[in-house]
Amino acid sequence: MPELPDVEVYRRRLVDATRRRRVDGVTVHDTQVLRGVGRRRLDSALSGARFVRTRRRGKTLYAVTSHGPHLRLHFGMTGDLVVRDDDEEVPAHTRVALRLSGGRRLLFVDQRRFGQVGVVDDVDDDIAAHDLGPDALDLDPAALGELLHGSSAGLKALLVDQSQVAGLGNIYTDEVLFHARLDPRSPAADVGNAGVRRLHRQLHRVLDRAVAAGADPRSMPRGWLIHRRTEDAECPRGNGPIRSFPVGGRRGYWCPACQDGRG
DNA sequence: GGCAATGTTAGCCG
DNA sequence: TCGGCTAACATTGC
């Protein structure tokens with residue numbers, strides 16, 4: 001799940017949960033998700049801190065403290081951020097718990113443990129170190145056009161490349177391309193200016209709508225591809241069967257009848 | 001049992 | 001150098 005909309009939902013949850021509260025300490029249940037820190041350093045770095053603002057770049061979330069270090073979270077394939085009162089039981093697969101003042105905990109839950117919890121001294125340095133491109137929602141149509149037309153990669157391959165655009169993963173790339181009616185397999189550079197504009201518009205429409213749905217697919221419109229990610233499923237527009245194709249070691253889904261490429 | 005699943009990363013190849 | 005592919009990471013569910 002954790003692509004841009006999910007992480008944006010987690011960001012808002014973190015802001016709500018930590019407002020006017022202090023981190024009293026950190027409990028690490030599983031050190032495997034720690035990145036670049038041990039449990040002692042994570043605890044000492046955050047104990048007593050307040051989060052003064054947050055930043056999200058693509059799928060990476062930062063909670064900024066007044067003097068650093070800052071908390072860095074990446075949710076991998078199955079990461080989640082949940083809030084519990086101290087007297088409530090923690091969910092299965094809770095890996096790290098931030099104990100907050102006022103009897104509440106912010107929990108990093110991650111079944112498959114591909115997620116990452118760490119601290120960084122400087123957010124911009126960390127973004128550079130991970131070679132993250134601009135956030136998908138920060139690209140204006142001109143910048144998006146330049147990105148596409150300057151690339152020799154396939155359209156979907158380009159969009160899921162975090163160093164080019166940060167935030168899109170397998171699911172939402174397919175969704176956006178479906179609504180923009182673009183062929184995911186076509187060369188990015190072949191997308192015409194009308195296609196670039198559609199892509200830009202749908203990028204915002206789909207991601208904003210997904211955030212509004214709390215990133216829960218069940219709350220997303222019935223006409224979305226996300227409900228039909230199966231070979232031979234019926235296209236939501238009724239135009240024909242959904243097909244799949246391989247991209248970067250996973251499967252993409254699209255409607256060949258709707259998504260005719262060009263623009 | 002086999003296979004695929006939203007993530008990143010390293011290594012290989014052309 | 002770049003793009004694309006594979007495997008690895010860990011776990012679950014069909």
Side-chain angles (χ1 to χ4, degrees), chain A residues 1-11 29-36 56-62 72-82 91-96 108-118 120 126-133 135-136 147-178 184-191 206-207 210-211 213-220 224-233 242-254:
Chain A
M1 285 107 130
E3 299 184 31
L4 188 155
D6 310 79
V7 179
E8 177 59 21
V9 168
Y10 301 157
R11 188 190 70 77
H29 299 270
D30 188 323
T31 55
Q32 195 170 308
V33 298
L34 299 187
R35 222 35 60 94
R56 182 188 54 71
R57 179 69 150 258
K59 306 169 190 173
T60 308
L61 176 60
Y62 303 92
R72 173 185 189 273
L73 299 173
H74 192 286
F75 297 91
M77 297 261 270
T78 56
D80 193 3
L81 200 58
V82 314
H93 314 300
T94 296
R95 309 302 179 188
V96 176
F108 184 85
V109 180
D110 182 16
Q111 177 198 114
R112 282 170 69 180
R113 294 189 282 186
F114 289 174
Q116 309 171 2
V117 177
V120 299
D126 188 71
I127 289 170
H130 286 86
D131 195 22
L132 295 178
D135 190 84
L147 189 68
L148 264 56
H149 296 148
S151 169
S152 56
L155 181 53
K156 176 163 177 181
L158 173 72
L159 293 176
V160 297
D161 181 345
Q162 302 300 299
S163 70
Q164 301 300 308
V165 193
L168 298 173
N170 200 26
I171 302 259
Y172 287 103
T173 302
D174 284 353
E175 194 67 50
V176 168
L177 291 174
F178 173 73
R185 307 163 313 162
S186 66
D190 287 359
V191 177
V206 167
L207 296 177
V211 171
D216 182 347
R218 293 169 301 181
S219 303
M220 293 176 198
W224 280 22
L225 183 64
I226 197 166
H227 309 296
R228 310 286 175 92
R229 297 179 63 80
T230 319
E231 186 87 30
D232 291 331
I242 296 300
R243 299 289 183 209
S244 77
F245 61 100
V247 233
R250 30 182 47 87
R251 296 213 81 68
Y253 292 87
W254 68 306

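Each chain gets a letter, A, B and so on, in the order the sequences are listed, and its residues count up from 1.
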Review point. Rounded to the nearest 0.5 Å, what separation is found between the NE2 atom of A:His74 and the OG1 atom of A:Thr60?
Key: 4.5 Å

Study note, to complete from the structure: Interatomic distance, CG@A:Leu159 vs CG@A:Leu168, rounded to 0.5 Å, equals 6.0 Å

To the nearest Å, how far apart are [X] [atom1] and [N] [atom2]?
X: A:Asp6; N: B:dA5; atom1: CG; atom2: C1'; answer: 14 Å
X: A:Arg229; N: C:dC14; atom1: CZ; atom2: P; answer: 17 Å
X: A:Leu155; N: C:dG4; atom1: CG; atom2: P; answer: 11 Å
X: A:Gln116; N: C:dC9; atom1: CD; atom2: P; answer: 16 Å
X: A:Arg35; N: B:dT9; atom1: CZ; atom2: P; answer: 9 Å
X: A:Gln111; N: B:dG7; atom1: CD; atom2: P; answer: 15 Å
X: A:Met77; N: C:dA10; atom1: CE; atom2: C1'; answer: 10 Å
X: A:Lys156; N: C:dC5; atom1: NZ; atom2: P; answer: 12 Å

Practice item. Report the C-alpha separation of A:Arg56 and A:Glu8 in whole Å, then their side-chain angles, then the decisive distance to 0.1 Å, and conclude whether the salt bridge (charged side-chain N to carboxylate O under 4.0 Å, His left out) test is met. Key: CA-CA 7 Å; A:Arg56 182 188 54 71; A:Glu8 177 59 21; 2.9 Å; yes

**Study point:** Pairwise 5' ranking along DNA chain B for A:Gln162 and A:Tyr253, keeping only the more 5' one
**Key:** A:Tyr253

Exercise for review: By nearest nucleotide on DNA chain B, pick out whichever of A:His130 and A:Arg112 is the more 5' one.
Suggested key: A:Arg112

Of the candidate nucleotides [options], which contains the atom at the shortest distance from the side chain of [X]?
X: A:Ala157; options: C:dG3, C:dG4, B:dG7; result: C:dG4
X: A:Ser152; options: C:dG3, B:dA5, B:dT8; result: C:dG3
X: A:His74; options: C:dG4, B:dG7, C:dC2; result: B:dG7

Exercise for review: Write down the partner of C:dG13 under the Watson-Crick or G-U wobble criteria, each distance required to be under 3.5 Å.
Suggested key: B:dC3

Check your understanding: Considering only heavy atoms from C-beta outward, does the side chain of A:Phe75 approach that of A:Asp6 to under 4.5 Å?
Key -> no

Practice item. Please assess A:Lys156 against A:Asp174 for the test salt bridge (charged side-chain N to carboxylate O under 4.0 Å, His left out), listing each intermediate value before the final yes or no. Key: CA-CA 8 Å; A:Lys156 176 163 177 181; A:Asp174 284 353; 2.7 Å; yes

Review point. When all nucleic acid strands are considered with a 4.0 Å heavy-atom cut-off, which category describes A:Gly115: base, sugar-phosphate, or nothing?
Key: nothing

Check your understanding: Heavy atoms under 4.0 Å, any strand shown: does A:Arg250 hit a base, just sugar-phosphate, or nothing?
Key -> base

Practice item. Rounded to whole angstrom, note down the P distance from C:dA7 over to B:dG2. Key: 16 Å

Practice item. Would you mind telling me which residue lines up with the more 5' stretch of DNA chain C, A:Asp30 or A:Asp161, judged by nearest nucleotide? Key: A:Asp161

Revision key, fill the gap. DNA chain C nearest-nucleotide lookup for A:Gly248 and A:Phe114: closer to the 5′ end is A:Gly248

